[in-house]
Amino acid sequence: MNAYTYFARAFALRLPEIIIESDCGEHYTYADLERESARLAAYLTGLGLRRGDRVATQIDKSPHALFLYLACLRAGLCYLPLNTAYQHAELRYFLQDAEPGVVVCRPSARESFLQLARETGAAIVHTLGDDATGSLIDGARGAPERYDDAALDDDALAVIIYTSGTTGRCKGAMVTHGNLISNAQALTDAWHFTSTDVLLHALPIFHIHGLFVAFHTVLLSGARMLFQRKFDVAAVLRALPGATVLMGVPTFYTRLLDETGLTRQAVAHMRLFVSGSAPLLPATFEAWRERTGHTILERYGMSEAGMITSNPYAGERRGSTVGKPLPEVKVRVVNDAGETVSAGAPGQVQITGPNVFAGYWRMPHKTREEFTSDGWFRTGDIGRWDADGYLSIVGRAKDLIISGGYNVYPKEIELAIDALPGVVESAVVGIPDADFGEAVTAAVVKEAHCTLDEAAIVASLRTQIAGYKVPKHVHFVAELPRNAMGKIQKDALRTRFAAS
(Lines give C-alpha, C1' and ligand atoms only; values in the text may rest on other atoms or scores of the structure.)
Protein backbone atom coordinates (compact mmCIF):
# COMPACT_ATOMS: atom_id res chain seq x y z
CA MET A 1 0.00 0.00 0.00
CA ASN A 2 1.03 3.62 -0.54
CA ALA A 3 2.49 4.72 2.80
CA TYR A 4 0.62 8.03 2.73
CA THR A 5 -2.69 6.22 2.13
CA TYR A 6 -1.91 4.03 5.14
CA PHE A 7 -1.21 7.05 7.34
CA ALA A 8 -4.25 8.94 6.05
CA ARG A 9 -6.60 6.10 6.97
CA ALA A 10 -5.30 6.37 10.54
CA PHE A 11 -5.97 10.12 10.87
CA ALA A 12 -9.10 10.27 8.68
CA LEU A 13 -11.38 11.07 11.63
CA ARG A 14 -9.05 13.73 13.02
CA LEU A 15 -8.87 16.12 10.05
CA PRO A 16 -10.09 19.22 11.97
CA GLU A 17 -7.54 18.70 14.73
CA ILE A 18 -4.10 20.29 14.95
CA ILE A 19 -1.05 18.25 14.08
CA ILE A 20 1.62 21.00 14.01
CA GLU A 21 2.20 23.91 16.38
CA SER A 22 5.43 25.53 15.27
CA ASP A 23 7.92 27.75 17.05
CA CYS A 24 6.97 30.50 14.58
CA GLY A 25 3.35 30.52 15.71
CA GLU A 26 1.99 28.42 12.83
CA HIS A 27 -0.87 25.99 13.39
CA TYR A 28 -1.70 23.29 10.86
CA THR A 29 -4.48 20.72 11.07
CA TYR A 30 -4.56 17.28 9.54
CA ALA A 31 -6.87 18.75 6.90
CA ASP A 32 -4.23 21.37 6.09
CA LEU A 33 -1.64 18.62 5.77
CA GLU A 34 -3.87 16.68 3.40
CA ARG A 35 -4.69 19.74 1.28
CA GLU A 36 -1.14 21.09 1.01
CA SER A 37 0.39 17.70 0.23
CA ALA A 38 -2.29 17.19 -2.45
CA ARG A 39 -1.39 20.51 -4.09
CA LEU A 40 2.29 19.70 -4.12
CA ALA A 41 1.70 16.17 -5.42
CA ALA A 42 -0.47 17.52 -8.24
CA TYR A 43 2.09 20.18 -9.12
CA LEU A 44 5.02 17.77 -9.20
CA THR A 45 3.22 15.27 -11.41
CA GLY A 46 2.12 18.18 -13.59
CA LEU A 47 5.81 18.91 -14.21
CA GLY A 48 6.03 15.54 -15.92
CA LEU A 49 7.47 13.49 -13.07
CA ARG A 50 6.57 9.82 -13.17
CA ARG A 51 6.45 7.15 -10.49
CA GLY A 52 9.90 6.39 -9.17
CA ASP A 53 11.41 9.71 -10.29
CA ARG A 54 13.56 11.34 -7.63
CA VAL A 55 12.87 14.65 -5.88
CA ALA A 56 16.06 15.81 -4.16
CA THR A 57 15.81 18.37 -1.35
CA GLN A 58 18.26 20.39 0.67
CA ILE A 59 15.90 22.63 2.60
CA ASP A 60 15.45 23.95 6.10
CA LYS A 61 13.07 22.28 8.52
CA SER A 62 9.53 23.57 8.18
CA PRO A 63 5.94 22.30 8.03
CA HIS A 64 5.94 22.65 4.24
CA ALA A 65 9.07 20.52 4.03
CA LEU A 66 7.00 17.75 5.65
CA PHE A 67 4.14 18.41 3.25
CA LEU A 68 6.57 18.04 0.33
CA TYR A 69 7.75 14.68 1.67
CA LEU A 70 4.17 13.46 1.96
CA ALA A 71 3.41 14.76 -1.55
CA CYS A 72 6.17 12.57 -2.93
CA LEU A 73 4.73 9.53 -1.13
CA ARG A 74 1.26 10.30 -2.49
CA ALA A 75 2.49 10.64 -6.07
CA GLY A 76 4.74 7.58 -5.97
CA LEU A 77 7.83 9.75 -6.36
CA CYS A 78 11.09 9.00 -4.56
CA TYR A 79 11.99 11.53 -1.88
CA LEU A 80 15.71 12.25 -1.45
CA PRO A 81 16.50 14.37 1.65
CA LEU A 82 20.00 15.84 1.86
CA ASN A 83 21.68 17.08 5.01
CA THR A 84 21.64 20.88 5.11
CA ALA A 85 25.35 20.85 6.01
CA TYR A 86 26.45 19.19 2.75
CA GLN A 87 28.77 21.29 0.59
CA HIS A 88 28.97 21.80 -3.17
CA ALA A 89 31.22 18.82 -3.96
CA GLU A 90 29.11 16.46 -1.86
CA LEU A 91 25.89 17.70 -3.45
CA ARG A 92 27.32 17.27 -6.94
CA TYR A 93 27.93 13.59 -6.23
CA PHE A 94 24.39 13.02 -4.93
CA LEU A 95 22.76 14.75 -7.90
CA GLN A 96 24.94 12.92 -10.40
CA ASP A 97 24.22 9.59 -8.76
CA ALA A 98 20.48 9.96 -8.16
CA GLU A 99 19.61 11.96 -11.31
CA PRO A 100 16.62 13.72 -9.73
CA GLY A 101 13.88 15.13 -11.92
CA VAL A 102 13.39 18.04 -9.52
CA VAL A 103 15.75 19.62 -6.99
CA VAL A 104 14.36 21.79 -4.18
CA CYS A 105 16.72 24.07 -2.29
CA ARG A 106 16.67 27.02 0.08
CA PRO A 107 16.03 30.36 -1.66
CA SER A 108 19.46 31.62 -0.60
CA ALA A 109 21.11 28.65 -2.35
CA ARG A 110 19.31 29.04 -5.69
CA GLU A 111 22.30 30.26 -7.71
CA SER A 112 24.55 27.53 -6.34
CA PHE A 113 21.98 24.87 -7.21
CA LEU A 114 21.46 26.27 -10.69
CA GLN A 115 25.19 25.77 -11.20
CA LEU A 116 24.92 22.23 -9.80
CA ALA A 117 22.01 21.57 -12.14
CA ARG A 118 24.13 22.60 -15.11
CA GLU A 119 26.97 20.37 -13.92
CA THR A 120 24.79 17.31 -13.27
CA GLY A 121 21.96 17.63 -15.77
CA ALA A 122 19.19 18.15 -13.22
CA ALA A 123 16.22 19.48 -15.14
CA ILE A 124 14.28 21.63 -12.68
CA VAL A 125 15.36 23.65 -9.64
CA HIS A 126 12.77 24.99 -7.21
CA THR A 127 13.11 26.86 -3.94
CA LEU A 128 11.35 26.41 -0.60
CA GLY A 129 11.96 28.61 2.43
CA ASP A 130 11.14 27.76 6.02
CA ASP A 131 8.54 30.55 5.94
CA ALA A 132 6.42 28.83 3.24
CA THR A 133 7.82 31.00 0.45
CA GLY A 134 9.66 30.04 -2.71
CA SER A 135 9.03 29.06 -6.29
CA LEU A 136 7.68 25.62 -5.31
CA ILE A 137 4.94 27.18 -3.18
CA ASP A 138 4.18 29.73 -5.92
CA GLY A 139 3.90 27.00 -8.53
CA ALA A 140 1.62 24.81 -6.43
CA ARG A 141 -0.68 27.62 -5.30
CA GLY A 142 -3.26 27.02 -8.03
CA ALA A 143 -3.02 23.22 -8.01
CA PRO A 144 -6.02 21.06 -7.03
CA GLU A 145 -6.68 20.54 -3.33
CA ARG A 146 -7.54 16.87 -3.82
CA TYR A 147 -5.28 14.16 -5.14
CA ASP A 148 -5.79 10.48 -5.82
CA ASP A 149 -2.89 8.71 -4.18
CA ALA A 150 -0.85 6.48 -6.46
CA ALA A 151 -1.73 2.81 -6.07
CA LEU A 152 1.55 1.15 -5.11
CA ASP A 153 2.89 -2.18 -3.99
CA ASP A 154 4.78 -2.50 -0.71
CA ASP A 155 8.08 -2.80 -2.59
CA ALA A 156 7.67 0.51 -4.43
CA LEU A 157 10.57 2.89 -3.80
CA ALA A 158 9.67 5.68 -1.36
CA VAL A 159 12.91 7.29 -0.18
CA ILE A 160 16.62 7.19 -0.89
CA ILE A 161 18.75 7.92 2.17
CA TYR A 162 22.43 8.39 1.44
CA THR A 163 24.78 6.83 3.95
CA SER A 164 28.51 7.35 4.20
CA GLY A 165 30.82 4.71 2.80
CA THR A 166 34.10 3.29 4.08
CA THR A 167 35.69 4.05 0.70
CA GLY A 168 34.46 7.65 0.78
CA ARG A 169 31.68 6.96 -1.75
CA CYS A 170 28.22 7.36 -0.28
CA LYS A 171 25.56 4.70 -0.84
CA GLY A 172 21.88 5.37 -1.46
CA ALA A 173 19.74 3.11 0.75
CA MET A 174 16.47 2.37 -1.08
CA VAL A 175 13.60 2.47 1.41
CA THR A 176 10.22 1.16 0.27
CA HIS A 177 6.66 2.05 1.19
CA GLY A 178 6.37 -1.32 2.91
CA ASN A 179 9.47 -0.57 5.00
CA LEU A 180 7.95 2.73 6.17
CA ILE A 181 4.58 1.21 7.02
CA SER A 182 5.90 -1.80 8.95
CA ASN A 183 8.33 0.24 11.04
CA ALA A 184 5.86 3.02 11.79
CA GLN A 185 3.25 0.56 13.01
CA ALA A 186 5.77 -1.35 15.12
CA LEU A 187 6.99 1.81 16.86
CA THR A 188 3.51 3.26 17.40
CA ASP A 189 2.50 0.04 19.14
CA ALA A 190 5.76 -0.52 21.02
CA TRP A 191 5.87 3.00 22.44
CA HIS A 192 2.11 3.21 23.18
CA PHE A 193 1.42 6.29 21.04
CA THR A 194 -2.16 7.62 21.11
CA SER A 195 -4.02 10.69 19.89
CA THR A 196 -3.54 12.30 23.30
CA ASP A 197 0.23 12.49 22.82
CA VAL A 198 2.14 15.68 22.11
CA LEU A 199 5.57 15.10 20.62
CA LEU A 200 8.22 17.75 21.12
CA HIS A 201 9.91 17.59 17.71
CA ALA A 202 13.35 19.25 17.72
CA LEU A 203 15.15 16.80 15.40
CA PRO A 204 16.27 17.52 11.83
CA ILE A 205 14.06 16.04 9.11
CA PHE A 206 16.75 15.07 6.59
CA HIS A 207 17.50 12.11 8.89
CA ILE A 208 15.38 9.01 9.56
CA HIS A 209 15.08 9.84 13.27
CA GLY A 210 13.15 13.05 12.69
CA LEU A 211 11.49 12.21 9.38
CA PHE A 212 10.45 8.59 9.90
CA VAL A 213 10.58 7.68 13.60
CA ALA A 214 9.13 10.90 15.00
CA PHE A 215 6.79 12.04 12.22
CA HIS A 216 5.32 8.66 11.31
CA THR A 217 4.36 7.75 14.87
CA VAL A 218 2.50 11.05 15.13
CA LEU A 219 0.65 10.45 11.85
CA LEU A 220 -0.37 6.91 12.76
CA SER A 221 -1.62 7.83 16.22
CA GLY A 222 -3.30 11.12 15.29
CA ALA A 223 -1.11 12.93 17.80
CA ARG A 224 0.18 16.51 17.81
CA MET A 225 3.66 18.01 17.45
CA LEU A 226 5.32 20.99 19.06
CA PHE A 227 7.49 21.66 16.03
CA GLN A 228 10.81 23.39 16.60
CA ARG A 229 12.96 24.24 13.60
CA LYS A 230 16.16 23.41 15.45
CA PHE A 231 17.27 22.17 18.82
CA ASP A 232 17.60 25.06 21.22
CA VAL A 233 18.02 23.87 24.78
CA ALA A 234 16.19 26.84 26.32
CA ALA A 235 13.27 26.53 23.89
CA VAL A 236 12.99 22.79 24.50
CA LEU A 237 12.99 23.32 28.25
CA ARG A 238 10.21 25.91 27.95
CA ALA A 239 8.14 23.56 25.79
CA LEU A 240 8.50 20.43 27.92
CA PRO A 241 5.53 21.14 30.24
CA GLY A 242 3.20 21.05 27.23
CA ALA A 243 4.56 17.80 25.78
CA THR A 244 4.27 14.11 26.56
CA VAL A 245 7.12 12.68 24.44
CA LEU A 246 10.61 13.85 23.47
CA MET A 247 12.76 12.03 20.94
CA GLY A 248 16.38 13.09 20.87
CA VAL A 249 20.01 12.23 20.37
CA PRO A 250 22.31 11.96 23.42
CA THR A 251 23.45 15.56 22.89
CA PHE A 252 19.90 16.73 23.69
CA TYR A 253 20.04 15.06 27.07
CA THR A 254 23.54 16.15 28.05
CA ARG A 255 22.69 19.76 27.27
CA LEU A 256 19.38 19.64 29.10
CA LEU A 257 21.17 18.24 32.15
CA ASP A 258 23.32 21.37 32.16
CA GLU A 259 20.19 23.50 32.69
CA THR A 260 19.09 24.35 36.21
CA GLY A 261 15.50 24.50 34.94
CA LEU A 262 15.45 20.76 34.33
CA THR A 263 13.45 19.62 37.33
CA ARG A 264 10.92 16.93 38.07
CA GLN A 265 8.20 19.55 37.90
CA ALA A 266 9.32 20.60 34.39
CA VAL A 267 8.81 17.04 33.10
CA ALA A 268 5.74 16.15 35.15
CA HIS A 269 3.55 15.85 32.02
CA MET A 270 6.03 13.70 30.13
CA ARG A 271 5.49 9.98 29.69
CA LEU A 272 8.44 9.05 27.43
CA PHE A 273 11.97 10.14 26.59
CA VAL A 274 13.58 8.31 23.67
CA SER A 275 17.27 8.44 22.74
CA GLY A 276 18.93 7.12 19.62
CA SER A 277 21.18 7.76 16.61
CA ALA A 278 24.26 7.50 18.85
CA PRO A 279 25.31 5.66 22.04
CA LEU A 280 24.04 7.16 25.28
CA LEU A 281 26.75 7.25 27.91
CA PRO A 282 25.89 5.34 31.11
CA ALA A 283 26.58 8.47 33.16
CA THR A 284 23.96 10.41 31.15
CA PHE A 285 21.44 7.57 31.52
CA GLU A 286 21.85 7.52 35.30
CA ALA A 287 21.99 11.30 35.72
CA TRP A 288 18.74 11.72 33.79
CA ARG A 289 16.95 9.11 35.89
CA GLU A 290 18.14 10.64 39.14
CA ARG A 291 17.34 14.21 38.11
CA THR A 292 13.94 13.72 36.43
CA GLY A 293 12.60 10.43 37.73
CA HIS A 294 12.30 9.22 34.12
CA THR A 295 14.29 6.41 32.52
CA ILE A 296 15.37 7.14 28.96
CA LEU A 297 14.30 4.52 26.43
CA GLU A 298 17.18 3.65 24.11
CA ARG A 299 16.67 2.01 20.75
CA TYR A 300 18.78 0.93 17.77
CA GLY A 301 18.28 1.68 14.11
CA MET A 302 19.94 2.63 10.87
CA SER A 303 19.11 4.13 7.48
CA GLU A 304 18.92 0.68 5.91
CA ALA A 305 16.34 -0.66 8.34
CA GLY A 306 14.64 2.09 10.30
CA MET A 307 14.32 0.92 13.89
CA ILE A 308 15.53 -2.57 14.73
CA THR A 309 15.39 -2.96 18.51
CA SER A 310 14.00 -1.04 21.45
CA ASN A 311 14.07 -1.16 25.20
CA PRO A 312 10.57 -1.92 26.48
CA TYR A 313 7.99 0.76 27.18
CA ALA A 314 6.56 -1.30 30.02
CA GLY A 315 9.42 -3.19 31.63
CA GLU A 316 13.04 -2.71 32.55
CA ARG A 317 15.01 -0.26 30.42
CA ARG A 318 18.65 -1.19 30.71
CA GLY A 319 21.35 1.39 30.28
CA SER A 320 24.08 0.61 27.73
CA THR A 321 21.67 -1.67 25.86
CA VAL A 322 19.34 -1.06 22.92
CA GLY A 323 16.74 -3.55 24.07
CA LYS A 324 15.08 -6.37 22.16
CA PRO A 325 14.02 -6.80 18.51
CA LEU A 326 10.81 -5.08 17.45
CA PRO A 327 7.88 -7.28 16.34
CA GLU A 328 8.55 -9.08 13.02
CA VAL A 329 12.22 -8.04 13.13
CA LYS A 330 14.82 -10.76 13.67
CA VAL A 331 18.33 -10.12 14.93
CA ARG A 332 21.23 -12.52 15.20
CA VAL A 333 24.80 -12.12 16.42
CA VAL A 334 27.33 -14.32 14.62
CA ASN A 335 31.06 -14.95 14.45
CA ASP A 336 33.24 -14.69 11.35
CA ALA A 337 32.12 -18.13 10.25
CA GLY A 338 28.46 -17.10 10.40
CA GLU A 339 27.74 -19.18 13.49
CA THR A 340 25.46 -17.81 16.22
CA VAL A 341 27.43 -16.84 19.32
CA SER A 342 26.31 -17.38 22.89
CA ALA A 343 25.07 -14.66 25.25
CA GLY A 344 27.90 -12.44 26.43
CA ALA A 345 30.09 -13.05 23.38
CA PRO A 346 30.53 -10.23 20.83
CA GLY A 347 29.78 -10.81 17.18
CA GLN A 348 28.49 -9.32 13.96
CA VAL A 349 24.89 -8.05 14.08
CA GLN A 350 22.71 -9.28 11.22
CA ILE A 351 19.01 -8.56 10.70
CA THR A 352 16.00 -9.52 8.62
CA GLY A 353 12.40 -8.34 8.54
CA PRO A 354 9.88 -6.15 6.69
CA ASN A 355 11.79 -3.05 7.80
CA VAL A 356 14.97 -3.96 5.91
CA PHE A 357 15.65 -1.86 2.83
CA ALA A 358 15.58 -3.05 -0.80
CA GLY A 359 19.28 -2.49 -1.49
CA TYR A 360 21.70 0.24 -2.51
CA TRP A 361 20.80 2.55 -5.37
CA ARG A 362 22.63 1.50 -8.54
CA MET A 363 25.05 -0.65 -6.53
CA PRO A 364 23.90 -4.24 -7.09
CA HIS A 365 27.35 -5.61 -6.30
CA LYS A 366 27.45 -3.75 -2.97
CA THR A 367 23.93 -4.93 -2.19
CA ARG A 368 24.93 -8.56 -2.76
CA GLU A 369 27.98 -8.10 -0.53
CA GLU A 370 25.93 -6.77 2.36
CA PHE A 371 23.39 -9.60 2.43
CA THR A 372 24.13 -13.16 3.48
CA SER A 373 23.25 -16.14 1.29
CA ASP A 374 20.12 -16.71 3.42
CA GLY A 375 18.96 -13.10 3.10
CA TRP A 376 20.13 -11.42 6.32
CA PHE A 377 21.57 -7.90 6.18
CA ARG A 378 25.02 -7.35 7.62
CA THR A 379 24.73 -4.17 9.68
CA GLY A 380 28.47 -3.76 10.19
CA ASP A 381 27.90 -3.36 13.91
CA ILE A 382 29.38 -5.54 16.62
CA GLY A 383 26.86 -6.55 19.27
CA ARG A 384 26.38 -8.76 22.29
CA TRP A 385 23.28 -10.31 23.86
CA ASP A 386 22.90 -10.47 27.62
CA ALA A 387 21.32 -13.40 29.41
CA ASP A 388 17.85 -11.78 29.21
CA GLY A 389 17.90 -11.05 25.49
CA TYR A 390 18.88 -7.37 25.60
CA LEU A 391 21.24 -6.32 22.83
CA SER A 392 24.25 -4.04 23.36
CA ILE A 393 26.16 -2.45 20.48
CA VAL A 394 29.79 -2.69 21.50
CA GLY A 395 31.62 -1.57 18.37
CA ARG A 396 31.48 -0.99 14.65
CA ALA A 397 33.23 -3.22 12.20
CA LYS A 398 33.58 -0.44 9.68
CA ASP A 399 35.05 2.27 11.92
CA LEU A 400 31.88 4.32 11.80
CA ILE A 401 31.88 7.38 14.08
CA ILE A 402 28.55 8.68 15.39
CA SER A 403 28.91 12.30 16.43
CA GLY A 404 25.89 14.27 17.63
CA GLY A 405 23.61 11.64 16.08
CA TYR A 406 25.20 11.81 12.61
CA ASN A 407 27.15 9.03 10.94
CA VAL A 408 30.73 9.89 9.99
CA TYR A 409 33.05 7.54 8.12
CA PRO A 410 36.75 8.29 8.64
CA LYS A 411 37.88 7.49 5.10
CA GLU A 412 36.10 10.49 3.58
CA ILE A 413 37.77 12.87 6.03
CA GLU A 414 41.16 11.19 5.69
CA LEU A 415 41.05 11.63 1.91
CA ALA A 416 40.33 15.35 2.33
CA ILE A 417 43.14 15.82 4.87
CA ASP A 418 45.65 13.81 2.84
CA ALA A 419 45.01 16.07 -0.17
CA LEU A 420 46.21 19.16 1.74
CA PRO A 421 49.71 20.40 0.81
CA GLY A 422 52.33 19.17 3.24
CA VAL A 423 50.29 16.30 4.69
CA VAL A 424 51.94 12.88 4.50
CA GLU A 425 49.03 10.84 5.84
CA SER A 426 46.25 10.93 8.38
CA ALA A 427 43.95 8.73 10.44
CA VAL A 428 40.57 9.70 11.84
CA VAL A 429 38.92 8.09 14.87
CA GLY A 430 36.09 8.79 17.27
CA ILE A 431 36.81 9.31 20.96
CA PRO A 432 34.17 9.35 23.72
CA ASP A 433 32.61 12.77 24.27
CA ALA A 434 29.98 13.65 26.86
CA ASP A 435 28.22 16.10 24.53
CA PHE A 436 28.46 14.52 21.08
CA GLY A 437 28.76 10.84 22.01
CA GLU A 438 31.92 10.65 19.96
CA ALA A 439 34.18 13.47 18.85
CA VAL A 440 35.76 13.24 15.39
CA THR A 441 39.52 13.34 16.00
CA ALA A 442 42.33 13.37 13.44
CA ALA A 443 45.97 12.28 13.72
CA VAL A 444 48.09 13.95 11.05
CA VAL A 445 51.63 13.29 9.89
CA LYS A 446 53.05 16.25 7.99
CA GLU A 447 56.24 17.02 6.13
CA ALA A 448 59.18 18.40 8.11
CA HIS A 449 58.83 22.03 7.02
CA CYS A 450 55.05 22.10 6.67
CA THR A 451 53.45 25.01 8.58
CA LEU A 452 49.90 23.61 8.64
CA ASP A 453 48.26 23.88 12.04
CA GLU A 454 44.95 22.68 13.45
CA ALA A 455 43.11 25.90 12.56
CA ALA A 456 44.24 25.76 8.93
CA ILE A 457 43.16 22.14 8.51
CA VAL A 458 39.77 22.77 10.11
CA ALA A 459 39.20 25.90 8.00
CA SER A 460 40.01 24.03 4.80
CA LEU A 461 37.79 21.07 5.65
CA ARG A 462 34.84 23.33 6.44
CA THR A 463 34.76 24.38 2.78
CA GLN A 464 34.74 20.79 1.57
CA ILE A 465 32.62 18.67 3.90
CA ALA A 466 29.67 19.01 6.24
CA GLY A 467 30.46 20.69 9.55
CA TYR A 468 29.64 17.64 11.69
CA LYS A 469 32.36 15.69 9.84
CA VAL A 470 35.07 18.26 10.56
CA PRO A 471 37.41 17.04 13.34
CA LYS A 472 36.85 18.52 16.77
CA HIS A 473 40.53 17.87 17.50
CA VAL A 474 43.63 17.57 15.29
CA HIS A 475 46.77 16.00 16.71
CA PHE A 476 50.11 16.12 14.88
CA VAL A 477 52.15 12.94 15.27
CA ALA A 478 55.55 11.81 14.01
CA GLU A 479 54.08 8.56 12.67
CA LEU A 480 50.91 6.51 12.81
CA PRO A 481 50.97 3.28 14.84
CA ARG A 482 50.91 0.18 12.66
CA ASN A 483 50.83 -3.57 13.15
CA ALA A 484 53.16 -6.09 11.54
CA MET A 485 51.09 -6.04 8.34
CA GLY A 486 51.32 -2.27 8.07
CA LYS A 487 47.70 -1.61 9.01
CA ILE A 488 47.07 1.51 11.07
CA GLN A 489 46.14 0.61 14.65
CA LYS A 490 43.23 2.90 15.28
CA ASP A 491 42.53 1.37 18.68
CA ALA A 492 45.92 2.67 19.81
CA LEU A 493 45.01 6.15 18.59
CA ARG A 494 41.64 6.05 20.37
CA THR A 495 43.31 5.04 23.63
CA ARG A 496 46.00 7.69 23.29
CA PHE A 497 43.65 10.56 22.44
CA ALA A 498 40.99 9.57 24.97
CA ALA A 499 43.64 9.67 27.69
CA SER A 500 44.77 13.13 26.59
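By convention here, the first residue in the shown sequence is residue 1.
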Any side-chain heavy-atom pair of [X] and [Y] under 4.5 Å:
X	Y	answer
H475	V444	no
D53	R50	yes
L226	R224	yes
I20	T29	no
V274	E298	no
V428	L493	no
L80	V159	no
V103	P100	yes

Can you list the steps and then say if Q350 with V331 is a side-chain contact (heavy atoms from CB on, under 4.5 Å)? CA-CA 6 Å; Q350 298 178 353; V331 179; over 6 Å; no

As a test of understanding, state which of Y162, F94, F113 forms a ring-ring contact (aromatic ring centres under 6.0 Å, His included) with Y86. F94

Test ring-ring contact (aromatic ring centres under 6.0 Å, His included) applied to Y79 and Y4, F212, Y69, the passing residue: Y69

Report yes or no: do Q115 and E111 form a side-chain donor-acceptor pair below 3.5 Å? no

With a 3.5 Å cut-off and no angle check, do the side chains of S135 and D138 form a donor-acceptor pair? no

Closest non-hydrogen atom pair, [X] against [Y]:
X	Y	answer
S303	V175	O-CG2, 3.9 Å
L480	E425	CD1-CD, 3.5 Å
S310	L326	CB-CD2, 4.0 Å
E438	I402	OE1-N, 2.8 Å
V249	S275	C-OG, 4.1 Å
S37	L33	OG-O, 2.8 Å

Testing V102, L77, L40 for side chain to side chain contact (heavy atoms under 4.5 Å, CB included) with C72, which one passes? L77

Could you go through the side-chain hydrogen bond (donor to acceptor under 3.5 Å, both in side chains) check for S182 and N355 one step at a time? CA-CA 6 Å; S182 67; N355 58 316; 5.7 Å; no

Below 6.0 angstrom between ring centroids: does that apply to [X] and [Y]?
X	Y	value
F67	Y28	yes
H473	F497	no
Y43	H126	yes
F357	F371	yes

Report the relative orientation of the aromatic rings in F252 and F231; use parallel for angles under 30°, tilted for 30 to 60°, perpendicular for over 60°. parallel

Check this for me: does any side-chain nitrogen of one of E370 and R378 sit under 4.0 Å from a carboxylate oxygen of the other? no

Whether R255 and D435 form a salt bridge (side-chain N of Lys/Arg under 4.0 Å from carboxylate O of Asp/Glu) is what I want to check. yes

State whether the side chain of T441 and the backbone N or O of A439 hold a donor-acceptor pair below 3.5 Å, judged by distance alone. yes

Treating E454 as the side-chain partner and V474 as the backbone partner, does any N or O pair qualify as donor plus acceptor under 3.5 Å? yes

First locate atom [atom1] of [X], then atom [atom2] of [Y], and finally report the distance between them rounded to the nearest 0.5 Å.
X	Y	atom1	atom2	value
R106	D130	CZ	CG	10.0 Å
M225	L219	CE	CG	7.0 Å
L415	Q464	CG	CD	10.5 Å
S403	F436	OG	CZ	6.0 Å
R39	L136	CZ	CG	12.5 Å
H201	E21	NE2	CD	14.5 Å

Audit row: E34, F11, side-chain contact (heavy atoms from CB on, under 4.5 Å) steps and yes/no: CA-CA 10 Å; E34 187 162 83; F11 62 70; 4.3 Å; yes

Think [X] forms a cation-pi with [Y], using NZ or CZ under 6.0 Å from the six-ring centre and within 45 degrees of its axis?
X	Y	value
K61	F227	yes
K366	Y360	no
K446	F476	yes
K469	Y406	no
R14	F7	no

One pair to check against side-chain contact (heavy atoms from CB on, under 4.5 Å): V349 and Y300. What are the steps and the verdict? CA-CA 11 Å; V349 178; Y300 165 54; 4.1 Å; yes

Stepwise side-chain hydrogen bond (donor to acceptor under 3.5 Å, both in side chains) check, S426 with D418: CA-CA 6 Å; S426 65; D418 292 348; 2.7 Å; yes

Please indicate whether R110 has more than 12 foreign heavy atoms, meaning atoms of other residues, nucleotides or ligands, lying under 6.0 Å from its CZ. no

Would you please test D60 and S62 for side-chain hydrogen bond (donor to acceptor under 3.5 Å, both in side chains) and show each step? CA-CA 6 Å; D60 290 323; S62 72; over 6 Å; no

Go through V322 and I393 one step at a time and tell me if the side-chain contact (heavy atoms from CB on, under 4.5 Å) criterion holds. CA-CA 7 Å; V322 291; I393 303 301; 4.2 Å; yes

